[in-house]
Amino acid sequence: MDVTSATGYMQNFFTGEGGFTHGGALEGPYGAGRVAYIDAYDIAARAAALLTGPPRGGETYALTGPEAPTHEEIARMVRG
């Protein structure tokens with residue numbers, strides 16, 4: 001089983017690896033690039049389903065968020 005992952009994890013905003021500056025900008029290691037964030041708990045749930053289900057071979061599962069917004073777009077969504 002080949003599992004590819006997202007480019008960023010939602011938990012990064014809580015661990016200090018990504019977040020808002022005092023000026024309200026969203027910063028992180030991606031610059032102006034798009035980021036397909038996903039929650040680590042969603043990855044764990046999918047892995048549990050795959051590992052406890054019927055055997056599968058040679059399949060690839062892309063684990064990623066539903067979209068890949070920029071940090072600027074994420075900041076706008078969060079601020080409302």
Side-chain angles (χ1 to χ4, degrees):
M1 170 178 33
D2 179 22
V3 178
T4 57
S5 67
T7 55
Y9 299 95
M10 294 303 297
Q11 282 75 12
N12 290 350
F13 292 103
F14 302 107
T15 62
E17 296 299 322
F20 289 94
T21 66
H22 290 293
L26 185 60
E27 65 177 23
Y30 306 104
R34 297 194 167 278
V35 186
Y37 282 105
I38 191 169
D39 192 291
Y41 293 108
D42 292 337
I43 294 172
R46 186 61 185 142
L50 289 170
L51 293 171
T52 59
R56 301 167 193 230
E59 297 180 37
T60 298
Y61 300 93
L63 301 177
T64 183
E67 58 185 299
T70 65
H71 276 177
E72 185 177 318
E73 292 168 336
I74 293 169
R76 280 196 304 268
M77 285 184 247
V78 170
R79 284 189 228 133

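Computed from heavy atoms alone, side chains included, the values below leave out hydrogens, waters and symmetry copies. The model shown is predicted, which means the values in this text are computed figures rather than measured ones.
- For Glu72, the side-chain contact (heavy atoms from CB on, under 4.5 Å) partners two or more places apart in sequence, or in a different chain, are Thr70, Arg76.
- Of all non-hydrogen atoms in Ala68 and Ala36, the two that sit nearest each other are CB-N, 4.0 Å.
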Would you give me the side-chain donor-acceptor pairs under 3.5 Å for residues 40-52, sequence neighbours excluded?
unit_1: Thr52; atom_1: OG1; unit_2: Ala48; atom_2: O; d: 2.7

